[in-house]
Protein chains: 2
Amino acid sequence: MLADNQIDTIINNQHFTVQKKLKKLFGHIDPTNPPEICPIRDILSPVSDKWSILIFIYLGLFKVLRFNELKKYVRGISAKILADRLKYLEQDGYLKRQMYAEVPIRVEYELTDFGYEYLEKLFNLIDWINLSMSEIIKKRHQFNSVFNNDK
Amino acid sequence: MLADNQIDTIINNQHFTVQKKLKKLFGHIDPTNPPEICPIRDILSPVSDKWSILIFIYLGLFKVLRFNELKKYVRGISAKILADRLKYLEQDGYLKRQMYAEVPIRVEYELTDFGYEYLEKLFNLIDWINLSMSEIIKKRHQFNSVFNNDK
DNA sequence: CCGGATCCCCAGAGATACTG
DNA sequence: CAGTATCTCTGGGGATCCGG
């Protein structure tokens with residue numbers, strides 16, 4: 001779709017340093033390798049949804065949590081989705097699961113070092129969202145009132 | 001659910017600086033204010049899904065893109081979802097939409113300064129995912145082979 | 001033709017009940 | 001207690017249509 005020299009021309013015309021960093025993601029653009037794994041779709045996005053972020057936050061805060069404690073803190077999540085997310089996060093190495101064969105059974109979840117590393121990166125987003133939130137909500141209301149007046 | 005002194009005790013016991021930063025998010029924990037806006041669920045997560053991130057990436061790279069150019073680059077997205085996402089991103093102030101009443105009609109999308117600010121934060125995740133991707137995939141395969149042997 | 005909007009279907013989220 | 005099984009139903013996503 002794009003020749004290397006075309007890409008380089010685009011990159012050279014950059015107005016923002018942002019664009020240089022993006023070059024490594026061009027693999028996604030090239031339609032000749034569609035079955036390839038997309039870093040955003042297959043690796044990042046499954047752990048940046050609302051439930052996963054909240055799980056990271058509460059595990060980061062309390063260090064160790066049991067299944068039902070997590071279910072209580074991450075308000076509104078269903079047991080099925082929580083189990084799914086925990087299995088996924090364990091699979092990709094973000095957290096470890098410790099089962100104690102007591103009666104009643106006890107299962108504890110804890111972030112790995114790798115999980116903490118990811119949580120640190122998430123803070124860049126979380127901090128920024130907390131700062132920008134009120135401004136965003138204001139814009140949202142403005143946009144919607146204009147939209148409704150147009151009708 | 002948690003008294004202030006209990007929360008402070010937890011915070012004081014922190015083993016990671018991560019935990020201190022999380023205190024500001026405790027609003028989500030308190031069940032006495034459920035109808036409040038949750039920063040993660042209502043502000044961050046709608047713009048950190050796979051499609052939105054890819055839209056940010058390609059707009060950051062090309063600066064200005066038309067509807068069908070975006071649709072081509074963000075491979076696999078449907079027109080409906082693209083229109084939905086673009087409207088949402090415009091509503092919250094991440095991008096601006098410019099319509100030219102030509103024949104055929106032309107519509108261009110471009111990130112705002114606010115959108116670029118958010119993209120900068122996203123890079124912390126994107127860079128890290130690109131570095132960690134191969135390791136994650138390896139862990140994923142290990143986990144699944146163990147899981148299948150258990151069956 | 002371009003940029004959507006509309007209609008429709010099905011995967012996956014979510015509620016409930018149940019089990020080791 | 002920590003999940004799974006089952007069912008329901010929302011909303012994501014494809015196909016089609018339509019105004020400009």
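The basis for the numbers below is simple: all heavy atoms, side chains too, and nothing from hydrogens, waters or symmetry mates. Chain naming here is simple, since letters A, B, ... match the order of the sequence lines and numbering starts at 1 in each.
Rounding to whole angstrom units, CD1 of residue I81(B) and P of dT6(C) are separated by 15 Å. L82(A) places its CG atom 13 Å from the C1' atom of dC1(D), with the value rounded to the nearest Å. One atom, CD of Q98(A), and another, P of dG3(D), lie 12 Å apart when rounded to the nearest Å. Note: CD1 (I77(A)) to P (dG12(C)) measures 17 Å, nearest angstrom. Rounded to whole angstrom, the span from the NZ atom of K72(B) across to the P atom of dG3(C) amounts to 11 Å. Between E108(A) atom CD and dG3(D) atom C1' there is a gap of 16 Å when expressed in whole angstrom units. Look at CD on E90(A): it is 15 Å from P on dA2(D), rounded to the nearest Å. The interatomic distance linking L89(B) (CG) with dG4(C) (C1') rounds to 16 Å, in whole Å.
A salt bridge links R85(A) and D49(A); the closest N-O separation between the charged side-chain nitrogens and carboxylate oxygens is under 4.0 Å. Looking at D92(B) and R140(A), a side-chain N of the basic residue comes within less than 4.0 Å of a carboxylate O on the acidic one, giving a salt bridge.
Contact check, R66(A) against dA2(D): a side-chain N or O comes under 4.0 Å of OP1 or OP2. Look at N68(B) and you won't find any side-chain N or O under 4.0 angstrom from OP1 or OP2 of dC2(C). Taking only side-chain nitrogens and oxygens, W51(A) never comes nearer than 4.0 Å to OP1 or OP2 of dA13(C). Distances shown here put every side-chain N or O of Y109(A) at or beyond 4.0 Å from the OP1 or OP2 atom of dC1(D). Side-chain N/O atoms of Y100(B) include none lying less than 4.0 angstrom from OP1 or OP2 on dG20(D). Between S78(B) and dG14(D) there is a side-chain N or O to OP1 or OP2 distance below 4.0 Å.
Residue contacts shown for R97(B) are limited to sugar-phosphate atoms, with no base heavy atom under 4.0 Å away. Looking at heavy-atom distances under 4.0 Å, K50(A) makes contact with sugar-phosphate atoms alone, never a base.
Residue S48(A) comes nearest to I53(B) through the heavy atom pair OG-CD1, 4.4 Å, listed as atom of the first residue, atom of the second, then distance.
L65(A) and Y100(A) are not part of a single hydrophobic cluster, where members link through side-chain heavy atoms under 4.5 Å apart.
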Tabulate protein N/O versus nucleotide N/O from nucleotides 18-20 of chain C, keeping only pairs under 3.5 Å, one per line.
none

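Not counting sequence neighbours, Q98(B) has no partner by the side-chain hydrogen bond (donor to acceptor under 3.5 Å, both in side chains) test.
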* Under 4.0 Å protein heavy-atom contact, by nucleotide of nucleotides 4-11 of chain D - B base, S sugar-phosphate only -> S-------

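For the pair Y73(B) and I57(B), the minimum side-chain heavy-atom distance is 4.5 Å or more. At a threshold of 4.5 Å between non-hydrogen side-chain atoms, the residues L86(A) and L70(A) count as touching.
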* Show the numbers, then the answer: is there a ring pair (Phe, Tyr, Trp, His ring centres under 6.0 Å) between Y94(B) and F56(B)? => CA-CA 9 Å; Y94(B) 294 99; F56(B) 273 104; 5.6 Å; yes

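Stacking of K139(B) on the aromatic ring of F114(A) is recorded, both the 6.0 Å distance cut-off and the 45° axial limit being met.
Within 6.0 Å of NZ in K138(B) there are 12 or fewer heavy atoms belonging to other residues, nucleotides or ligands.
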